[in-house]
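All remarks here apply to the structure that follows.
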Amino acid sequence: MSITITGMTKRFGQTDVLRGIDLSVAEGELMALLGPSGSGKTTLLKIVAGLEWPDVGGLQVGGQDWLQLAARDRRIGFVFQHYALFPHMSVRDNIAFGLSVRPRAKRPGRAQIAARVDDLLDFLQIAPLADRYPAQLSGGQRQRVALGRALAIQPRVLLLDEPFGALDAAIRRDLRRWLRGVHEATGSTTIFVTHDQEEAFELADRVVVMGEGRIEQIGHADEIHDHPATPFVARFMGATTVLPVTLQAGRALGAGLDLTALPRRALPDGPARLFARPADIRVQPDPNGPWRIDTLSSTGAELRLLLSHPDLPAAEAQMPRRGAPSLARGSAVTLRLEAGSVFSDHRPLPAVPVTPLRKELFK
Amino acid sequence: MNPPDLIAPGYAVPPHHGHAARTGGARLLIGLAVGLTLLFVVAPLLYIFVRAFSQGWQVYADNILNPATLHAIWLTSLVAVIVVPLNVAFGIAAAWAVAKHRFPGRGILVTMIEIPFSISPIIAGICYLLLYGRQGLLGPWLQAADLQVMFALPGIVLVTMFVTAPFVAREVLPLMQAQGTDQEQAAVTLGASGWQVFRRVTLPNIRWALLYGAVLCTARAVGEFGGVSVVSGNIRGQTNTLPLHVELLFNDLNAVGAFAAASTLTVIALVALVIKTALEARR
Ligand SMILES: Nc1ncnc2c1ncn2[C@@H]1O[C@H](COP(=O)(O)OP(=O)(O)OP(=O)(O)O)[C@@H](O)[C@H]1O
Ligand SMILES: [Mg+2]
């Protein structure tokens with residue numbers, strides 16, 4: 001089912017949680033909602049699920065107006081961040097729940113339910129756990145049960161709220177691949193929430209970056225990484241250094257900065273700000289350079305540097321330790337930027353570009 | 001670095017010395033606690049039975065089988081049978097409303113639930129008397145409708161309900177609050193109706209706390225004296241509950257009878273205590 005959200009707003013008391021969300025998710029697409037804490041991701045997901053209601057806005061799913069439909073009639077699979085398994089039911093009963101609460105006329109027979117649950121247990125690779133209770137499972141196993149419970153009703157739309165939020169890094173990576181497999185096998189339209197960039201980019205067809213109740217950018221991993229649409233996205237994508245620059249004929253110029261590697265941009269002349277990630281800042285020893293190394297630390301693989309300039313905000317740089325030039329605290333350097341995003345100071349922010357779907361998935 | 005620095009402070013104390021020091025002080029305290037419990041709790045309880053049986057089984061049985069005592073036992077059981085289910089229903093409803101919903105006046109409701117704990121039962125009794133009594137606010141209206149509330153079963157039930165109102169809600173509420181609404185929301189998205197959510201998700205999650213609250217509520221309902229004594233009118237064989245009956249027998253200088261009646265109350269309390277302890281182990 002395709003999902004179309006139009007002009008959706010929602011406020012809780014005095015806080016605007018959603019400020020006009022427009023979003024389309026294609027049938028069979030796996031979309032990630034990425035954003036910092038409090039940006040309204042869960043709220044948006046719950047509105048799609050029917051667990052919250054928007055103040056204004058439209059929600060069409062498969063051509064049907066879902067705002068006219070109660071949550072229990074929407075047939076969605078919702079996976080909660082903390083699983084929300086029923087602790088007094090075995091894994092089997094948890095997964096069977098959605099089928100067993102159907103009205104008598106639509107309820108499959110006992111044997112049919114059991115067979116469907118068995119299929120799911122196999123599919124999710126948790127068959128040996130069927131008779132355990134949630135308290136007897138690890139986090140990753142609970143996550144699978146939660147997903148099984150959601151899939152049992154053959155949901156039209158699958159919604160996952162930080163499905164791996166409570167798991168450690170290694171299990172997250174495993175489950176990520178596994179979820180991608182599940183999605184490909186079921187083909188259900190899926191939205192999942194995360195605040196982990198890597199997870200969003202690795203798993204999703206498209207990523208929606210949300211900030212403070214707005215959609216800041218929609219796109220693929222590379223686009224969002226290389227061409228953040230707004231200063232917010234640039235910062236969220238790890239640009240920790242923000243420096244004032246001047247634009248002249250599309251080129252950015254800055255005192256004490258080598259910006260020749262940056263491409264020309266179709267931006268008007270005038271003051272602008274440059275957003276750069278630590279790894280994109282090259283530090284070159286130069287006795288006459290205007291920058292000083294304030295701190296220098298090593299993580300083993302990487303060198304991290306904090307740099308100061310008499311007239312500019314501080315900068316943060318990072319480079320592989322191996323092959324790095326010899327640098328010491330207090331030494332003078334120049335900075336060369338390999339990449340960065342420039343935003344004009346006196347123009348409205350560029351509109352959020354609409355990117356086509358990844359075609360190969362819908363052949 | 002010298003080795004003892006690496007060890008947590010408690011471990012540095014030589015075990016023998018620590019053990020010896022603990023037993024000296026601890027023994028005294030444990031002995032004191034046990035002694036006081038025996039003196040103030042166990043001995044009086046035992047003495048009830050000693051006195052009840054002081055003139056033998058036959059006299060005990062006669063006392064229990066005395067019609068007035070039997071009626072008191074029956075009345076007290078009846079009150080409990082009416083009050084406890086009502087309180088369970090009220091407790092679930094109140095806890096559910098407070099824990100799972102946001103509405104104006106929610107904080108006030110939480111406070112209201114607790115009020116009976118801080119008000120002396122006798123005051124509750126007097127309030128009901130002023131409200132429902134013959135000279136009370138609703139008196140004329142009740143009389144016109146030919147409804148006898150005071151000095152009758154309805155009054156006893158009302159006061160007992162007031163006094164025991166917080167028991168179930170207080171047990172269930174913290175549990176429901178800790179569990180939040182995720183499970184219920186999950187059940188709704190899976191297609192469950194409101195009743196199914198309650199029956200299959202909410203209720204099983206609180207079942208032990210609910211039972212625990214019900215046991216406490218029963219014990220309190222059966223033992224309630226102050227409030228009931230105001231509204232019952234102590235009519236022997238009619239509105240005399242067991243605790244009131246014990247007092248009545250005592251005032252009649254029928255000590256053995258009083259202790260026999262008291263022994264039945266004590267048995268009810270002990271059974272409740274055993275169930276409560278068993279439930280605590282389950283939780
Ligand atoms: N029921 C509620 N009542 C009042 N405010 C709420 C409620 N639910 C959410 N909010 C507020 O709405 C904002 C967005 O919340 P939401 O849970 O959607 O954020 P999120 O993007 O999912 O964050 P996180 O990554 O931390 O889960 C927050 O400021 C939150 O405090
Ligand atoms: Mg959230």
Side-chain angles (χ1 to χ4, degrees), chain A residues 12-13 42 45-52 69-90 93-104 106-108 133-135 142 145-162, chain B residues 88 91-92 95-110 168 171-214 278-283:
Chain A
F12 282 116
T42 298
L45 210 61
K46 286 201 165 167
I47 288 175
V48 177
L51 299 171
E52 291 284 0
L69 212 57
R72 63 177 293 225
D73 300 321
R74 292 188 186 185
R75 230 177 78 213
I76 39 139
F78 198 107
V79 176
F80 288 78
Q81 177 170 0
H82 298 287
Y83 323 122
L85 294 176
F86 307 129
H88 54 283
M89 294 183 204
S90 67
D93 292 343
N94 263 284
I95 294 178
F97 185 87
L99 297 174
S100 68
V101 293
R102 289 210 181 144
R104 203 173 288 278
K106 289 194 234 159
R107 195 188 312 157
Y133 285 84
R142 281 180 207 178
V145 176
L147 192 59
R149 185 177 67 177
L151 289 175
I153 58 169
Q154 288 170 310
R156 296 189 272 200
V157 170
L158 192 56
L159 306 169
L160 306 120
D161 192 1
E162 306 210 20
Chain B
V88 166
I92 294 175
W96 186 74
V98 170
K100 314 270 178 185
H101 300 272
R102 299 276 168 275
F103 53 90
R106 188 171 155 272
I108 297 174
L109 181 59
V110 176
V168 174
E171 289 304 319
V172 173
L173 182 57
L175 199 65
M176 279 196 180
Q177 273 172 333
Q179 279 165 352
T181 51
D182 278 6
Q183 285 180 40
E184 277 84 2
Q185 293 194 338
V188 167
T189 63
L190 291 166
S193 66
W195 171 246
Q196 283 172 321
V197 173
F198 177 74
R199 236 312 268 112
R200 301 196 45 186
V201 178
T202 309
L203 199 56
N205 270 324
I206 56 165
R207 60 187 189 267
W208 298 118
L210 193 62
L211 216 55
Y212 183 84
L279 286 175
E280 262 166 4
R282 289 287 315 227
R283 289 210 284 165

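Note that these values count all heavy atoms, side chains included, but never hydrogens, waters or copies made by symmetry. This is a predicted model, so every value here is computed, not measured. Naming convention: chains lettered A, B, ... in sequence-line order (proteins, then strands); numbering from 1 in each chain.
How far CG of A:Leu45 is from CG of A:Asp161: 5.5 Å, rounded to the nearest 0.5 Å. Atoms CD1 and CG, on B:Ile206 and B:Leu173 in that order, are 10.5 Å from each other to the nearest 0.5 Å. Taken from CG in B:Leu210 to CE in B:Met176, the straight-line distance is 8.0 Å, to the nearest 0.5 Å. Rounding to the nearest 0.5 angstrom, the gap separating the CG atom in A:Leu159 from the OG1 atom in A:Thr42 is 11.0 Å. To the nearest 0.5 Å, the span separating CZ on A:Arg104 from CZ on A:Arg107 amounts to 5.0 Å.
The interface of residues 178-194 of chain B with chain A, defined by heavy-atom distances below 4.5 Å, comprises B:Asp182, B:Gln183, B:Gln185, B:Ala186, B:Ala187, B:Val188, B:Thr189, B:Leu190, B:Gly191, B:Ala192, B:Ser193. Close approach to chain B, defined as a heavy atom under 4.5 Å from one of its heavy atoms, is seen in A:Phe78, A:Phe80, A:Ala84, A:Leu85 of residues 78-85 of chain A, taken by number.
Closest of all the heavy-atom pairs between A:Leu99 and A:Ala152 is CD2-O, 3.7 Å. Between A:His88 and B:Arg207, the closest heavy-atom pair is CB-NH1, 3.7 Å.
Applying the salt bridge (charged side-chain N to carboxylate O under 4.0 Å, His left out) definition to pairs two or more places apart or across chains, none involves residues 148-158 of chain A.
Heavy-atom distances place the side chain of A:Ile153, and not its backbone, under 4.5 Å from chain B. For B:Arg200, the parts sitting under 4.5 Å from any heavy atom of chain A are the backbone and the side chain alike.
Taking the six-membered ring where tryptophan is involved, the planes of A:Phe86 and A:Phe97 are tilted, since the angle between them lies from 30° to 60°.
Residues forming a side chain to side chain donor-acceptor pair (under 3.5 Å) with A:Arg74 (at least two apart in sequence, or on another chain): none.
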